[in-house]
Amino acid sequence: MHSSKDVQRMEKGHHQVLVIGAGNAGISLAARLKRYRVKGIAVVDPTEQHLYQPFFSHIAGGTAKAEMAVRPQESVMPKGVTWHRDSATAIDPSAKTVTLASGQTFTYEHLVVCPGIQKNWNGIPGLQDAYDSPYGATNYSLDLAVKAWRLLSGLRSGTAIFSMPDGPITCGGAAQKPMYLACDYWRSQGVLDNIRVILAVPTSSVYGVDVVDEELNRKITEYGIELRCSTELTSVDAEGRLATLRDTARGTEEQIRYDVLHAAPPQSAPDWIRSTGLADDDGFVAVDKHTLRHITHPTVWSLGDAAGTPNSKSGAALRQQTKVLAKNLQSVLKGNQPGQKYNGYGACPFTVSRSTVVLAEFDDTLAPKPSVPGWKGLAKEKRLTWLVERYGFIRLYWYAILKGRA
Ligand SMILES: Cc1cc2nc3c(=O)[nH]c(=O)nc-3n(C[C@H](O)[C@H](O)[C@H](O)COP(=O)(O)OP(=O)(O)OC[C@H]3O[C@@H](n4cnc5c(N)ncnc54)[C@H](O)[C@@H]3O)c2cc1C
């Protein structure tokens with residue numbers, strides 16, 4: 001129960017728990033805290049649409065429609081949670097205040113910072129021009145994912161380049177997924193042999209988890225993909241349709257003419273986090289990787305893509321983090337210590353054909369972490385995993401994860 005003093009403070013813009021970001025992290029956490037009967041929760045987010053980003057790969061690869069990935073934000077906002085339709089622009093963790101773009105300021109008892117990762121569309125010279133041209137796309141935005149399938153499905157011969165940038169990225173494997181879906185499609189159309197497919201990844205192997213690399217390399221050989229490891233897209237001449245790929249191991253560069261460029265944009269922590277005093281060296285929110293509580297400001301927490309934890313940034317990681325953070329915050333609100341620990345789990349389902357998936361499951365050291373302990377079977381190409389990933393996860397997301405129930 002709140003005292004009349006508490007109620008007065010709320011009216012003035014005070015929240016017991018203020019959450020920045022209503023994405024996968026913010027909504028599932030707010031819903032879970034509501035289930036734990038935490039009062040006075042508010043979420044800040046300016047966007048009217050809630051996006052299920054894992055489906056962007058299916059949209060870019062032609063195995064799902066765009067509308068399946070979108071719902072009105074209002075429809076997923078947990079009942080009883082206040083939604084401020086605005087962007088947070090500043091945090092003062094000492095005064096315990098958050099300022100919004102409108103100039104409004106709120107105070108909080110606990111703050112959860114989860115505004116996701118920033119996509120730097122201009123992060124490679126010429127990249128934005130390529131997206132604006134008729135030949136460039138990516139699954140890292142909904143509009144460009146729709147465009148990607150238009151370009152990939154229309155290609156009958158020529159060169160398609162798929163690239164993943166160096167540095168932090170959400171679901172790094174996602175840069176490859178539409179490629180396998182497109183290759184399977186081209187094969188079914190009898191044109192795969194006419195298309196030169198190049199995959200450029202910054203890592204020294206295709207993904208970095210041994211058991212998964214084996215499966216992906218097998219599919220890469222099967223489709224005849226030219227895999228370039230330790231390779232980055234460094235610039236694009238959109239008019240000339242030329243992509244410059246730099247082999248960082250050899251120190252060489254090559255310009256390749258493309259017919260489709262499918263390039264994941266470079267990503268980073270949101271710029272504004274740096275000025276809050278809450279950031280780590282890379283600009284992400286500096287939280288303890290187990291408790292998800294800030295290392296110097298005990299009333300600040302973070303999870304999801306904006307959190308400075310060493311795990312692979314993914315919805316799969318977030319699902320574990322949400323449970324840990326909600327329990328820990330509930331415990332602290334009751335005057336106890338945070339008792340739950342996140343174990344670094346992350347996962348990435350690779351759609352290696354239009355009916356099979358290789359599920360990568362690993363911890364924050366890239367050691368395999370199968371959900372069935374000791375069984376690496378899910379890391380093998382499987383039809384069952386496709387069915388779960390394509391049809392099961394999206395239902396789980398809308399009906400259980402965003403309700404704080406899974
Ligand atoms: C193409 C693609 C494929 C993916 N595939 C998979 C997959 O197969 N499996 C998997 O597990 N994960 C996958 N992911 C990753 C997964 O979608 C993310 O890890 C997850 O969405 C991160 O959740 P989040 O809440 O941290 O960020 P987001 O879901 O991105 O939400 C961030 C929210 O914060 C809001 N926001 C931003 N700035 C501010 C601000 N200043 N003030 C207020 N609000 C703000 C935004 O509007 C947004 O609503 C994929 C991601 C992409 C892009």
Side-chain angles (χ1 to χ4, degrees), residues 54 57 60 117-120 123-124 127 138-140 160-183 197-236 243-254 256 261-269 281-282 284 305 308-317 344-352 357-370 376 379-381:
S57 304
I117 202 161
Q118 176 174 295
K119 288 149 195 152
N120 299 318
I124 295 172
L127 184 59
T138 177
N139 55 342
Y140 275 79
I161 302 178
F162 294 81
S163 68
M164 174 189 169
D166 195 18
I169 185 166
T170 183
C171 195
Q176 301 179 29
K177 296 179 195 178
M179 176 189 70
Y180 301 114
L181 294 172
C183 283
V197 183
I198 299 174
L199 170 62
V201 293
T203 39
S204 59
S205 72
V206 63
Y207 190 59
V209 179
D210 290 351
V211 56
V212 175
D213 283 355
E214 257 172 53
E215 282 295 86
L216 297 182
N217 283 327
R218 186 174 60 73
K219 295 305 288 186
I220 282 169
T221 306
E222 186 185 310
Y223 292 127
I225 296 165
E226 213 175 296
L227 171 64
R228 299 192 177 202
C229 293
S230 308
T231 299
E232 291 167 35
L233 177 71
T234 52
S235 69
V236 188
T244 302
L245 297 182
R246 181 175 170 73
D247 183 324
T248 53
R250 294 201 186 106
T252 54
E253 265 188 9
E254 189 185 352
I256 301 176
L261 175 66
H262 184 282
Q267 295 161 44
S268 64
D281 290 345
D282 299 320
F284 292 96
D305 290 356
T309 49
N311 58 278
S312 156
K313 296 183 185 299
S314 63
Y345 175 86
C348 180
F350 284 90
T351 49
V352 292
V357 156
V358 167
L359 181 63
E361 294 183 288
F362 46 89
D363 67 14
D364 55 17
T365 65
L366 294 184
K369 199 165 183 59
K376 292 184 183 166
K380 299 281 172 198
E381 180 180 8

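Note that this is a predicted model, so its numbers are computed, not measured.
In this structure, E214 and K380 approach most closely via the heavy-atom pair OE1-NZ, 4.0 Å. V358 and A379 make their closest contact through CG1-O, 3.3 Å (heavy atoms, listed as atom of the first residue, atom of the second, distance).
The side-chain contact (heavy atoms from CB on, under 4.5 Å) check on P349 picks up K177, V357, L359, E389, with sequence neighbours excluded. Applying the side chain to side chain donor-acceptor pair (under 3.5 Å) rule to Y140 yields no partners; only residues at least two apart in sequence or on another chain are considered. Residues passing the salt bridge (Lys or Arg N to Asp or Glu O under 4.0 Å) test with E254, sequence neighbours excluded: R228. Take F162 and apply the ring-ring contact (aromatic ring centres under 6.0 Å, His included) test, not counting sequence neighbours, and it matches H262. K219 pairs by the salt bridge (Lys or Arg N to Asp or Glu O under 4.0 Å) definition with E222, E381, not counting sequence neighbours. Take T234 and apply the side chain to side chain donor-acceptor pair (under 3.5 Å) test, not counting sequence neighbours, and it matches no residue. With sequence neighbours excluded, the residues that form a salt bridge (Lys or Arg N to Asp or Glu O under 4.0 Å) with D247 are R250. By the side-chain contact (heavy atoms from CB on, under 4.5 Å) test, N311 pairs with T309, A317, Q321, Y342, D364, sequence neighbours left out. For A175, the side-chain contact (heavy atoms from CB on, under 4.5 Å) criterion is met by M164, A264, not counting sequence neighbours. Listed by chain and residue number, nothing satisfies the side chain to side chain donor-acceptor pair (under 3.5 Å) test with T231 (two or more places apart in sequence, or in another chain). Under the side-chain contact (heavy atoms from CB on, under 4.5 Å) criterion, A316 pairs with S314, Y345, A347, sequence neighbours left out.
The structure places OG of S268 at 11.5 Å from CD1 of I169, a figure rounded to the nearest 0.5 Å. Separating the CG atom in L245 from the CD atom in E232 is a distance of 10.0 Å, to the nearest 0.5 Å.
Side-chain contact between K313 and I117 is present, with at least one heavy-atom pair separated by less than 4.5 Å. Contact check for F350 versus V212: side-chain heavy atoms found under the 4.5 Å cut-off. Within the 4.5 Å cutoff, the side chain of L127 has heavy atoms near those of the P266 side chain.
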Before you tell me yes or no, could you show the steps for M179 and I225 under side chain to side chain contact (heavy atoms under 4.5 Å, CB included), namely the whole-Å CA-CA distance, both residues' side-chain angles and the distance that decides it to 0.1 Å?
CA-CA 9 Å; M179 176 189 70; I225 296 165; 3.7 Å; yes

For N217 and L227, what are the C-alpha separation, side-chain angles and deciding distance, and is it a side chain to side chain contact (heavy atoms under 4.5 Å, CB included)?
CA-CA 9 Å; N217 283 327; L227 171 64; 3.7 Å; yes

Listing, residues 198-211 side-chain donor-acceptor contacts under 3.5 Å, not counting sequence neighbours, or none:
residue: T203; atom: OG1; partner: S205; partner atom: O; Å: 2.8
residue: S205; atom: OG; partner: G208; partner atom: N; Å: 3.2
residue: S205; atom: OG; partner: D213; partner atom: OD2; Å: 2.5

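Although no hydrogens or angles enter the test, the distance criterion places a donor-acceptor pair under 3.5 Å between the side chain of Q267 and the main chain of T170. No side-chain donor-acceptor contact under 3.5 Å links Y180 to the backbone of L216.
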